[in-house]
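What follows is a short report on a single structure.
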Amino acid sequence: MGSHRRLAPSGFDRGASVAVSFLSVAAAALGAVPAAAAPYDDTRAEVDRLYKQAEKATEAYNEADERADELRAEVRTARDRIARQQQRINSMRESLGSLAGAQYRSGGLDPSLALLFSDDPDDYLDKASRLNRITAHQAGELKELQEAMRELAQDREEAAGKLRELEKSRKAVTAHKKTVEQKLATARRLLNSLPDSERDAYDRASRSGRDGIPDLGGVTAASGRGAAAVAAARSALGKPYIWGANGPSGFDCSGLMQWSYAQAGVSLPRTSQGQRYAGRQVPLSEARPGDLVVYRGDASHVGMYMGNGQVIHAPYPGAPVRYDPVGMMPVSSVTRV
């Protein structure tokens with residue numbers, strides 16, 4: 001499955017709608033379960049269907065959560081910019097105020113100059129035009145102050161928009177989280193309703209290879225960073241699957257890939273869909289250790305190729321990070337980072 005994590009471009013609405021569409025497309029795309037050939041086949045098929053839908057929802061959650069992180073960073077930047085601009089305005093007004101006060105005390109400036117220091121920038125030039133003794137230099141400073149205050153008002157409006165967008169992102173994250181939790185809880189109940197032998201059969205089936213997958217030998221990683229990512233992924237073996245998590249104590253599928261490459265100094269996107277395009281795509285027959293193996297047409301699952309026809313991945317709740325055959329499910333693409 002996919003993974004977790006921090007104000008962002010205005011494309012969030014589009015991103016959120018795409019994320020939400022994962023959930024609706026999932027139900028339609030998975031199709032009907034074939035007639036059961038054994039007493040528990042329907043239950044196992046339903047568990048598998050729910051896990052697939054939960055993976056799609058998890059990647060939508062990860063996308064929304066990543067967007068929220070970006071928005072928070074943009075809000076912080078906007079607030080810093082506003083604080084600096086306000087400080088600049090305060091200094092300019094202070095300077096003009098000192099000059100006006102000195103000129104007024106010497107009888108050189110009309111006291112109506114005090115009106116220039118209100119909080120409404122649109123009044124400045126109009127008020128300045130009523131001053132018959134204002135100098136060209138002072139007029140220039142006043143225009144500069146007016147422009148600075150207009151920029152400040154614009155920055156504040158943009159920051160307010162980012163905050164509104166952030167709130168929408170938070171709501172989207174909450175909605176995706178509920179969807180995932182509901183599907184996983186249902187899948188878990190169904191799986192726990194099976195006899196031990198059937199649960200074992202389900203686990204064996206999830207680990208089986210597919211026909212037509214080439215025998216990939218024990219080749220070495222394509223790069224030093226690939227080798228470092230392989231070592232990191234191996235160190236995560238046995239860690240629990242935790243949806244929305246990217247380590248180090250637990251992982252979902254894309255979280256494991258992101259964390260492993262982070263240990264190699266490489267920053268990967270947060271979702272399996274983003275990781276699909278994080279490097280150069282190569283044929284499965286040329287896969288090397290460290291390559292990302294992306295599964296299903298919607299790229300809703302990802303693992304790391306380790307050589308000898310095996311991947312390391314975080315499968316689903318209840319199944320820890322482990323080795324499985326590279327052909328355990330339909331391979332969509334292989335990406336070399």
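The first residue of the sequence shown is numbered 1, and numbering continues consecutively from there.
- Residue W259 holds its CH2 atom at 13.0 Å from CG of L268, rounded to the nearest 0.5 Å.
- Among residues two or more places apart in sequence or in another chain, the side chain to side chain contact (heavy atoms under 4.5 Å, CB included) test is passed with A262 by none.
- Other residues, nucleotides and ligands place more than 12 heavy atoms under 6.0 Å from the CZ atom of R296.
- The side chain to side chain contact (heavy atoms under 4.5 Å, CB included) search around A228 returns A264, not counting sequence neighbours.
- Judged purely by atom type and a 3.5 angstrom limit, Y261 has no side-chain atom pairing as donor or acceptor with the backbone of G265.
- A 4.5 Å side-chain heavy-atom check between V282 and R336 finds at least one atom pair inside the cut-off.
- Closest approach of P320 to G238, counting heavy atoms only: CB-O, 3.6 Å.
- Side chain of S332 to main chain of G297: no donor-acceptor pair is present (N/O by atom type, distance under 3.5 Å, no hydrogens or angles).
- Judged by distance alone, with hydrogens and angles left aside, the side-chain atoms of Y277 form no donor-acceptor pair with the main-chain N or O of R280 at under 3.5 Å.
- Applying the salt bridge (Lys or Arg N to Asp or Glu O under 4.0 Å) test to pairs two or more places apart or on separate chains, none has a residue in residues 306-320.
- Side-chain contact check for V302 versus Y295: every heavy-atom pair is 4.5 Å or farther apart.
- Under a 3.5 Å cut-off, the side chain of K239 and the backbone N or O of P248 do form a donor-acceptor pair.
- Put simply, OG1 on T335 and CD on Q281 are 4.5 Å apart, with the number rounded to the nearest 0.5 Å.
- The heavy-atom pair separating A299 from V294 by the smallest distance is CB-CG1, 3.4 Å.
- Remark: side-chain polar atoms of Q275 are paired, donor with acceptor, to backbone N or O of S254 under 3.5 angstrom.
- A donor-acceptor pair is defined here as one N or O able to donate and one able to accept, closer than 3.5 Å; no such pair exists between the side chain of Y323 and the backbone of L237.
- Interatomic distance, R189 CZ to L194 CG, rounded to the nearest 0.5 Å: 13.5 Å.
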- Message: One pair to check against side-chain contact (heavy atoms from CB on, under 4.5 Å): Q310 and V326. What are the steps and the verdict?
- Response: CA-CA 5 Å; Q310 299 287 304; V326 68; over 6 Å; no
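- Residues V321 and A236 approach most closely at CB-O, 3.4 Å, considering heavy atoms.
- Rounded to the nearest 0.5 Å, atoms NE2 (H313) and CE (M328) are 3.5 Å apart.
- Side chains of Y305 and V334 form no contact here, defined as non-hydrogen atoms less than 4.5 Å apart.
- In terms of heavy atoms, S249 sits closest to P240 at O-CD, 3.2 Å.
- Between the CG atom in D324 and the CD1 atom in I312 there is a gap of 10.0 Å [rounded to 0.5 Å].
- Side-chain N or O atoms of D291 include one that pairs as donor or acceptor with a backbone N or O of R288 at under 3.5 Å.
- Closest approach of R322 and P315 over heavy atoms only: NE-CG, 3.5 Å.
- The distance from the CG atom of N246 to the OG atom of S260 is 10.5 Å, given to the nearest 0.5 Å.
- Contact detail for G250 and A245: the closest heavy-atom pair is O-CB, 3.5 Å.
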